[in-house]
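Single-structure report; data block below.
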There are 2 protein chains.
Amino acid sequence: MSVATVSYVLNNVANQTIPDETKCRVLDAAKQLNYVPNLAARSLVKQKSGLIGILINRSENEGFWKQHRYASFINRLERLLTDRGYHVVLFSLDAANPKLDIISERKLDGVFVVDVKRENFHLISSHFSVGVPLILIDSIIEDSLFYKVNYDYEEAFALSGASSQLNQSYVVIDSFNNAELIQSIRSSIGIDPSLFHMMEDEERLERFLEQNAEKTGIVLNEFIGSIAAKYVNAAKLTVICTADCPDILPAAVTRIQYDNRKSEEAFQLMMKLIDDPMNGPEHKYIDVKASHSE
Amino acid sequence: MSVATVSYVLNNVANQTIPDETKCRVLDAAKQLNYVPNLAARSLVKQKSGLIGILINRSENEGFWKQHRYASFINRLERLLTDRGYHVVLFSLDAANPKLDIISERKLDGVFVVDVKRENFHLISSHFSVGVPLILIDSIIEDSLFYKVNYDYEEAFALSGASSQLNQSYVVIDSFNNAELIQSIRSSIGIDPSLFHMMEDEERLERFLEQNAEKTGIVLNEFIGSIAAKYVNAAKLTVICTADCPDILPAAVTRIQYDNRKSEEAFQLMMKLIDDPMNGPEHKYIDVKASHSE
DNA sequence: TTGAAAGCGCTAACAC
DNA sequence: GTGTTAGCGCTTTCAA
């Protein structure tokens, strides 16, 4: 009995015919000895780590709406990946100065990078000379190599009625690191600047809301929505539930929901890219559509 | 120039005196070639993976208060660990049937397991024959080997006034997998069963609150607190902020806060155990004290 | 059907 | 001060 035979049995190697008896002996012994493979060693020879990274740009002293906005996303994505046999490395980046060595050091099989500043993108892409599947989340960056998964904000605003009844409602959006995303959202509504607010802190939001209390409001991110609901009539609020946590909102709020579609789509795309890195979808932007609104 | 010399330079090996010139040559070449060490290979020889696991027991269809209650904890803990040079593997367990092979497969250097059912504890401990530092979070399990980090609920209830004015207030607690923790919280207040409610879903909570609307209330977990605030006067509510997200609550709510102390203490303990696994603190239960209340 | 052996990238003991 | 080498645990080619 040699190491090779054992490896064959334990991995169910295809074109090796092994008599049931040997098979059993190996399996029994493995059970007896409480054997578990060492994935570091396997990684080394297979040149695949079985690790997927979720790298999230964060800043110091983030408000709770930022702290929690990716909790559902991470949660769901981790489960999907785990179910497929991958292990998930969670890593937060300093948005101003992201350290990305983890990608090559750990030989990650795939990477999600969330909320990327365009200024730092060259840094990121330089870590991908090797061709690891990379998916950007909540980021708009003109680059033909990498995929980006974002919500379809244009659709969301259409559903919310913001676009049809222009300047009848105000809009509050989440504060992203990626300035291009903010710009794109802004121009997709074509709203009057005085009716547009990017969340900074509660006081400023409060002041903004005071000035527009009589209008209806559209808010991105239900945690910000829950703050807004403290200051305005919930019935006049529509929240685009980008944090997949609609239940946090008062019942009267109108919701546009995604039911974790962003994690699903990001996951599906990643699996496709890992299977066949050369043949991903042609279009590099995936726009996640709302699943329902009420 | 040999591999060894290179390794010495790159790792700043202590008792190897290397002339600055050689040092520079190596460092330059490394930069030129964009060298990054392969941590899988290093793990293999060092017998240390540099990975810390955060394993969280989850169930299907968890309410948002459960989904988000560990977001701040994970967030903070990940940053602390990253700053110390560890990488974090996030892994959710099926609370009913946790698969723990990841611990030995990845040779995790340390593991946090969150909200453990006692019934499954033998399973967990069997994965630690090797002596990996293991810290249980939000779990009470009589076992002399492993550390447990929990909030000091007794102190929290004392601060809230629940214990002094017995049966003047009702109490709503979070739903944990660990039944012993629930039991311990319950008996630490010694409250009348009719005034004690464990969160199951919003409807049941609503009914419970209706019956006690005139009393003051003490609630564990600010997400549950934010639901409660929909049904009762916020000024009559004290929330024990176990999710480290006090800002989500209406201003009128009284808060008992921890400022991420649970992650800090869990982290400190882990570092101590990794340094010297034999000489951890004598007492196996760490009770996290409130940092302030208002 | 099985086994011997090379080698993944790295570290550390030891010889020079 | 530097190089040689064994070996971490595993997979896989090739020969028997």
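Numbers restart at 1 for each chain; the letters A, B, ... are given by sequence-line order, proteins then strands.
Nucleotide D:dG9 holds its P atom 16 Å from the NZ atom of B:K46, rounded to whole Å. When rounded to the nearest whole Å, the span between CZ of B:R42 and P of C:dC8 equals 18 Å. At whole-Å resolution of the value, CZ in A:R106 and P in C:dG9 are 16 Å apart. Rounded to an integer number of Å, the gap from B:K107 NZ to D:dC8 P is 13 Å. What separates NZ of B:K48 from P of C:dG9 is a distance of 24 Å, to the nearest Å. Remark: P of C:dC10 and CG of A:L44 are 9 Å apart, rounded to the nearest angstrom. For the pair B:E105 CD and D:dC8 C1', the computed distance is 18 Å after rounding to whole Å.
Of the side-chain N and O atoms in B:T5, none sit less than 4.0 angstrom from OP1 or OP2 of D:dT2. For the pair A:Q47 and C:dG9, the criterion of a side-chain N or O lying under 4.0 Å from OP1 or OP2 is met.
Put simply, the residue from B:L134, B:I74, B:I135 that forms a side chain to side chain contact (heavy atoms under 4.5 Å, CB included) with B:F112 is B:I135. The one candidate from B:K117, B:R118, B:K148 that meets the salt bridge (Lys or Arg N to Asp or Glu O under 4.0 Å) condition with B:E180 is B:R118.
The stretch residues 27-41 of chain A comes close to DNA chain D through A:Y35, A:V36, A:P37, A:N38, A:A41, each having a heavy atom under 4.0 Å from the strand.
Between A:E60 and B:R79, at least one side-chain N (NZ, or NE/NH1/NH2) sits under 4.0 Å from a carboxylate O, which counts as a salt bridge. By the 4.0 Å N-to-carboxylate-O rule, B:D152 lies close enough to B:K289 to be salt-bridged with it. Checked for salt-bridge contact, B:R69 and B:D174 meet the test: a charged N lies under 4.0 Å from a carboxylate O.
Judged purely by atom type and a 3.5 angstrom limit, B:S43 has no side-chain atom pairing as donor or acceptor with the backbone of B:A41.
Nearest-nucleotide mapping onto DNA chain D: of B:P19 and B:V45, the residue sitting toward the 5' end is B:P19.
The cationic group of B:K262 lies under 6.0 Å from the six-membered ring centre of B:F73 and within 45° of the ring axis, placing it in a cation-pi geometry.
Within the 4.0 angstrom heavy-atom criterion, only backbone atoms of the sugar-phosphate kind lie near A:T22; the bases stay farther away.
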